[in-house]
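Below, read A as the first sequence line, B as the second, and so on, with proteins coming before strands; counting in each chain starts at 1. These numbers were taken from a predicted model, which means no experiment stands behind them.
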Amino acid sequence: MTELADKSEKQEMDKAYNPQASEKKWYTFWEEKKYFTPTIRPGEKPFTIIMPPPNVTGALHVGHALTMYVEDVMIRWHRMRGEVTLWLPGADHAGISGETVVEKVIWQNERKTKNDLGREEFLRRVWEWMDEYRDTISEQLKAFGASCDWSRKAFTMDAGPQRAVRKVFKSLFDEGLIYRAERIVNWCPGSLTVISDLEVNMVEEDGFLWYIRYPVKGEENRFVTVATTRPETMLGDTAVAVNPNDARFKDVVGKMLILPLVNREIPLVADEGVESEFGTGAVKVTPGHDPLDFEIGQRHNLPIINLMNPNASINQNGGIYAGLDRFEARKRIVADLEQQGFLVKTENYRHTVPYSERANVPIEPLVKEQWWVKIAPLAQPALEAAQEGRLKFVPERFKKIYTSWLENIHDWPISRQLYWGHRIPAYFCNNCGKVSATAEETLEKCDYCASNDIWQDPDVLDTWFSSGLWPFSTLGWPDQTEDLAYFYPGSVMETSYDIIFFWVARMVMFGIHFMGEIPFDTVYLHGLVRDEKGEKMSKSKGNGVDPLEAIAEFGSDALRFTLLTSSTPGNDSKLSRTKLADSRNFANKIWNATRFITMSGTADLAYQSPKLEADAPLADRWIVSRYYKLVEEVSRLQENFQFGEAGRLIYDFLWGEFCDWYIEISKSRLNSSDPAEKRKVQTTLTSVLEGTLRLLHPFMPFVTEELWHYLPHEGEALIIAPWPKADSSQLDEAAITQFEALRETIRAIRNAKAEAKVESKKVAAIILANLELKNLFEQEIDTLVRLAGIDAQKLTIGNADDAPPAQALALVTDAATIYLPLAGMVDVEAERTRLGKEIEETRRELEKSEKTLANPNFAERAPAPVVAKERERLEATQERLAKLEQRLKDLA
RNA sequence: GGGCGGUUAGCUCAGUUGGUAGAGCGCUUCGCUUACACCGAAGAUGUCAGAGGUUCGAGUCCUCUACCGCCCACCA
């Protein structure tokens, strides 16, 4: 290992950063050194993130990449702060989608369905698939640079989590919080299972509203007209309902109607649930296939007719329509109604249709006996945790979304008619007819009559049931393990905002119920990653960015830095190639900065942290001060989960200040004939860079780790190097303002040269300034000469009141007045115009300042520092204006 | 029908205790200065969606409006 490190120290650096070479090398190094595996230190509060387990249904997408990067930023940061840090990785068996994916593959290869194979064989195939893809996912996580503890990796179908699931089922069953009931459920005719409301998407579609008249029994030519979007369900109508306050129907309520086509008698009932304003005010009631109708049916004791086969074709209860698909039946029924004179009219109608999220077909509401979780007793404490502020949300607005969902929560149907998943640990007894639950792998005999003539429920549990236990099932629960005691509750739950209900809420409910504590104190929610056009990435659209491809082309750090800096918490972001290229360039920039510094011969330099030295040159004091400011800012932002902003600040510092200015300034001192002088500047260069690499490490772990080993350092790896401490004793505010003056001067000269299109690289210059700044410029002659492009022989630094030269460009800054006596620059007229423009601009600024200060309320109410600053600004502007005006006068 | 988010330079977006608008890309003009052309220097461009309000002062707080997007919801 140290061999590896030594090698990078000695090697001559390449001209450009090569991510591929570095990424594998360092990940292996970190892993072998076991940096990802925390050492439990009793009494110390650890920082813990349980990774949202990706579905084992294929490769990871960019959304996963963002998840991992955000979590890894937190993890690496806390690890560097010296905390016991655990990031526990895992994978989810993904119930329906897992089953569907494997079904598809088998169908493609063998033209066989899961039923052809049978439960056992099918499950064997699913396991094969899962084992393969779990490895793929692990490989991808490694490519991301995820510093998670592989020794603790978990899978929702592992023996441990399986045991946890049974234990929870059994407990809730015993507490009466899991019950079995016949209710209306969302049936997915595509995947042939029940799904929860959360798995249903409402899709707006153009459809029709059909008006059908139902004859009133025994009254010639009297009808009640209903409006419906689903005429085919009329076969299962067992009533028509109207609002009890609807005067139009007062005298018909209670009478019987004749159901057209079927000729069955059904009552006209009055129910509050009916909106008089809609349609005709009368609604057909199909308790077997509509949620509202089901409720009306419950209230009025209406019979339930199930019309559909599992694949949503009409069953034998549909009479002559039996065997038809529901949409085919719709056409026929409408045609028949029309033909027989029952169809009053057809209106175009835009409405929402419930679709199964998984199979992308309209769901079919139907009545089925299912297992349910009675949710209110679990939801209440989860709600309170948020309301009382124990559970925090980042960004805060999601708290409201979370609480309002819990306030209106419905019972949770948990059975799924699948093979793949946690088999429901409930057994039916053929002898006594009762049902027993167990926490064991199998149950031998009925809990009630001890008969062994029992059979297990064939269904499995909703995948979110096991996901909800994730924060403690991964730590060994129900056993009281050391991990569980130490790492539960976790610190942050980081995930995408679209699974607050599915997952976050359920973890909180189960966590409180079974562990007595919320499973984490902070929920951090990131947004969706979209494509360049802002569209949601998806496989079907083919617009998804494959993170591995992006990594291959730009590097893992580039993808990470891009995703982290182009988003703010909770907001969606767009990913584009130009952004990726930009981040790659940044990695290359710091690579080359390091290369430049080390090429000056820093190999034998002893490590030290950036140090402010009173007698050091201005630039040194400046960059060290700026570095410590950065440390403070970045740490603060990390604390507040503002990773994007933190990353951007480091970028700006490294590129805009360290490289553009400090390295440039350092060049002449690196060439100094005085070895001590060279050492000094090298020390500042390496120490500031080393410190900044630490700050950057969570944002670009690979390149920073690689570069760190080329620099003087302490310890064996950057990943475990201590996070820099902010230190106000290392701040020299004066150096910052002075350096600013120097920068301003250099920029002014560069600007003037560019605008005047000066050919020669070095120009003559006369800089006039007040005493303090004059001294500064004299000390910084070398910097001025080199960075502004001044001929050292033709530089004069004088007092503010020295006589100005006649033939020269005049540049007025707050720091100084600079004269450039440029050859051929004798166009007095042009110079006058230029000065005139500048005077005009300065006057505008002055006016603004004067206006603010003239307002008596400003001085009275604004805080003193703000007023003082405004005064200073006014004075500086006045001075500048005076100088400009003087110059204009002199030219005449 | 409720609720939330967005609307800032041509494009993509920052801008968290309210104090005279920023970055990257793109564009223009220079430049192979011994780290980097995945580079350097200089430059241009904003009624911060609109209207009102609070305030000495509003991109930032409040109200309303418009457009875009999302979430929730049993008008068939």
Side-chain angles (χ1 to χ4, degrees), chain A residues 13 15-17 184 197 202 209 226-230 233 241 273-280 282-286 290-296 349 351-352 365 395 397-398 400-401 404-405 408 497-498 500-501 527-528 532 534 536 554 558 565-568 570-576 578-579 581-600 636-637 640 642 644-645 648 651-652 656 659-660 663-664 667 671 747 750-755 757-758 761 786-787 789 845 848-849 852-853 855-863 865-867 869-870 873:
Chain A
M13 291 177 73
K15 245 192 130 178
Y17 173 53
I184 192 131
D197 289 346
M202 300 305 279
L209 194 55
V226 300
T228 181
T229 55
R230 300 201 55 198
T233 61
V274 180
E275 300 283 335
S276 303
E277 294 74 32
F278 186 85
T280 61
V283 57
K284 59 191 264 328
V285 181
T286 321
D290 182 277
L292 175 64
D293 294 3
F294 179 77
E295 283 178 31
I296 295 177
Y349 186 57
H351 62 142
T352 51
R397 69 184 135 93
F398 287 109
K400 206 173 148 191
I401 296 177
S404 60
W405 185 71
N408 301 302
Y497 64 71
D498 56 351
I500 296 181
F501 310 139
L528 270 32
E532 286 165 72
K536 210 167 166 171
F554 299 100
T565 54
S566 57
S567 70
T568 39
N571 289 336
D572 295 353
S573 59
K574 291 174 201 165
L575 182 62
S576 67
T578 49
K579 282 185 191 171
D582 186 40
S583 300
R584 176 204 54 196
N585 296 352
F586 177 48
N588 191 53
K589 183 75 182 178
I590 57 177
W591 173 271
N592 273 289
T594 309
R595 178 166 170 260
F596 170 72
I597 291 168
T598 53
M599 280 193 322
S600 77
R636 202 199 81 232
L637 290 165
N640 295 329
Q642 295 183 257
E645 199 55 17
R648 265 174 249 128
Y651 177 102
D652 290 343
C659 289
D660 289 349
I663 287 188
E664 288 310 317
K667 282 179 178 171
N671 278 335
R747 279 197 177 126
R750 283 170 172 177
N751 176 348
K753 282 167 67 182
E755 297 230 309
K757 300 210 175 2
V758 177
K761 281 191 185 132
R786 286 191 42 259
L787 297 199
E845 273 176 59
K848 230 175 172 181
S849 252
T852 310
L853 283 162
N855 185 339
N857 287 326
F858 177 71
E860 217 169 282
R861 308 204 184 168
V866 173
V867 178
K869 207 173 141 198
E870 193 59 46
R873 186 182 291 147

Student: Checking all strands, does A:Ala227 fall into the base, sugar-phosphate, or nothing category for heavy-atom contacts under 4.0 angstrom?
Tutor: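 Here A:Ala227 touches the bases of the nucleic acid.
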
Student: Quick one: closest heavy-atom pair of A:Ala593 and A:Cys659, and the distance?
Tutor: CB-SG, 3.8 Å

Student: Assign each of A:Thr228 and A:Asp197 to its nearest nucleotide of RNA chain B by heavy atoms, then name whichever residue's nucleotide is nearer the 5' end.
Tutor: A:Asp197

Student: In this structure, how many angstroms lie between the C1' atom of B:rA76 and the CZ atom of A:Arg230, rounded?
Tutor: 11 Å

Student: Does A:Glu845 come within less than 4.0 Å of A:Lys848, counting only side-chain N to carboxylate O?
Tutor: no

Student: Would you please confirm or rule out a distance under 4.0 Å between OP1 or OP2 of B:rA42 and any side-chain N or O of A:Lys753?
Tutor: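 Checking B:rA42 against A:Lys753, no side-chain N or O comes under 4.0 Å of OP1 or OP2.
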
Student: For A:Thr352 and A:Asp660, take the nucleotide of RNA chain B holding the closest heavy atom to each; which residue's nucleotide lies nearer the 5' end?
Tutor: A:Asp660

Student: Describe the nucleic acid contact of A:Glu275 in one word from base, sugar-phosphate, nothing, applying a heavy-atom distance below 4.0 Å.
Tutor: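 Touches a base.
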
Student: Have a look at A:Arg873 and say if it touches a base, only the backbone sugar-phosphate, or nothing, with a 4.0 Å heavy-atom cut-off.
Tutor: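 Base contact.
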
Student: Parallel, tilted or perpendicular for A:Trp591 and A:Tyr17, by the 30°/60° rule?
Tutor: tilted

Student: My understanding is that only one of A:Asp572, A:Ile401, A:Asn571 makes a side-chain contact (heavy atoms from CB on, under 4.5 Å) with A:Tyr497; could you say which?
Tutor: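 Checked A:Asp572, A:Ile401, A:Asn571 against A:Tyr497; only one passes side-chain contact (heavy atoms from CB on, under 4.5 Å): A:Asp572.
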
Student: So what does A:Thr568 hit on the nucleic acid, given a heavy-atom distance under 4.0 Å: a base, only sugar-phosphate, or nothing?
Tutor: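 The residue A:Thr568 makes sugar-phosphate contact but no base contact.
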
Student: Quick one: closest heavy-atom pair of A:Asp290 and A:Asp293, and the distance?
Tutor: OD1-N, 3.0 Å

Student: Base, backbone or nothing for each nucleotide of nucleotides 21-33 of chain B, written B, S, -, heavy atoms under 4.0 angstrom, 5' to 3'?
Tutor: ---S---------

Student: What is the distance, rounded to the nearest whole Å, between atom CG of A:Asn671 and atom C1' of B:rA35?
Tutor: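 Rounded to whole Å, this separation is 13 Å.
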
Student: Which nucleotide in the set B:rA35, B:rC4, B:rA42 lies at the smallest distance from any side-chain heavy atom of A:Arg747?
Tutor: B:rA42

Student: Looking only at non-hydrogen atoms, find the nearest pair between A:Lys667 and A:Arg786 and report the distance.
Tutor: CB-NH2, 3.4 Å

Student: Output yes when at least one side-chain N/O atom of A:Tyr349 is less than 4.0 Å from OP1 or OP2 of B:rA76, else no.
Tutor: yes

Student: At under 4.0 Å, does any side-chain N or O of A:Asn751 touch on OP1 or OP2 of B:rG43?
Tutor: yes

Student: List the atom of A:Thr286, the atom of A:Thr233, and the distance in Å for their closest heavy-atom pair.
Tutor: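 That would be CG2-O, 3.2 Å.
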
Student: Over all strands shown, is A:Val274 touching base, sugar-phosphate only, or nothing at heavy-atom distances under 4.0 angstrom?
Tutor: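 A:Val274: base contact, heavy atoms under 4.0 Å.
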
Student: Given pairs defined as Watson-Crick or G-U wobble with both distances under 3.5 Å, what dot-bracket annotation applies to RNA chain B, with ( ) intrastrand, [ ] crossing, | other strand and . unpaired?
Tutor: ((((((((.[[[[.)...(..]]]].(((((.......))))).....[[[[[..)....]]]]])))))))....

Student: Report which part of the nucleic acid A:Lys589 touches: base, sugar-phosphate, or nothing (heavy-atom distance under 4.0 Å, all strands).
Tutor: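 Result for A:Lys589 = base.
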
Student: Is there, by distance only and without an angle test, a donor paired with an acceptor across the side chain of A:Glu664 and the base of B:rA35 below 3.5 Å?
Tutor: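 Indeed there is one.
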
Student: For A:Arg750, which contact category applies under a 4.0 Å heavy-atom criterion: base, sugar-phosphate, or nothing?
Tutor: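 Touches sugar-phosphate only.
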
Student: Considering only side-chain heavy atoms of A:Val866, which listed nucleotide, B:rA42, B:rG19, B:rC36, is closest?
Tutor: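 Between B:rA42, B:rG19, B:rC36, the one nearest the side chain of A:Val866 would be B:rG19.
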
Student: Tell me the closest heavy-atom pair linking A:Phe858 and A:Thr852, and the distance in Å.
Tutor: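 Heavy atoms only, the tightest pair is CB-O, 3.4 Å.
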
Student: Answer with base, sugar-phosphate or nothing: what part of the nucleic acid does A:Phe501 contact at a heavy-atom distance below 4.0 Å?
Tutor: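 Sugar-phosphate, backbone atoms only, no base.
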
Student: Heavy atoms under 4.0 Å, any strand shown: does A:Ser576 hit a base, just sugar-phosphate, or nothing?
Tutor: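 No contact at all - A:Ser576 keeps every heavy atom at 4.0 Å or more from the nucleic acid.
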
Student: In whole angstroms, how far is the P atom of B:rC71 from the CG atom of A:Asn571?
Tutor: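 That distance rounds to 15 Å.
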
Student: So, is A:Lys579 near the phosphate of B:rC11, with a side-chain N or O under 4.0 Å from OP1 or OP2?
Tutor: no

Student: Quick one: label A:Pro863 by what it contacts on the DNA or RNA (base, sugar-phosphate, nothing), any heavy atom closer than 4.0 Å.
Tutor: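 It contacts base atoms.
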
Student: On the 0 to 90° scale, with breaks at 30° and 60°, tag the A:Phe501-A:Trp405 ring pair as parallel, tilted or perpendicular.
Tutor: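 The arrangement is parallel - the two ring planes meet at less than 30°.
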
Student: Under 4.0 Å, heavy atoms only, any strand: does A:Lys284 hit a base, just the sugar-phosphate, or nothing?
Tutor: nothing

Student: Please state the P separation for the pair B:rC13 and B:rG69 - nearest whole angstrom.
Tutor: 15 Å

Student: How close do A:Ser404 and A:Asn408 get, heavy atom to heavy atom, and via which atoms?
Tutor: O-ND2, 2.9 Å

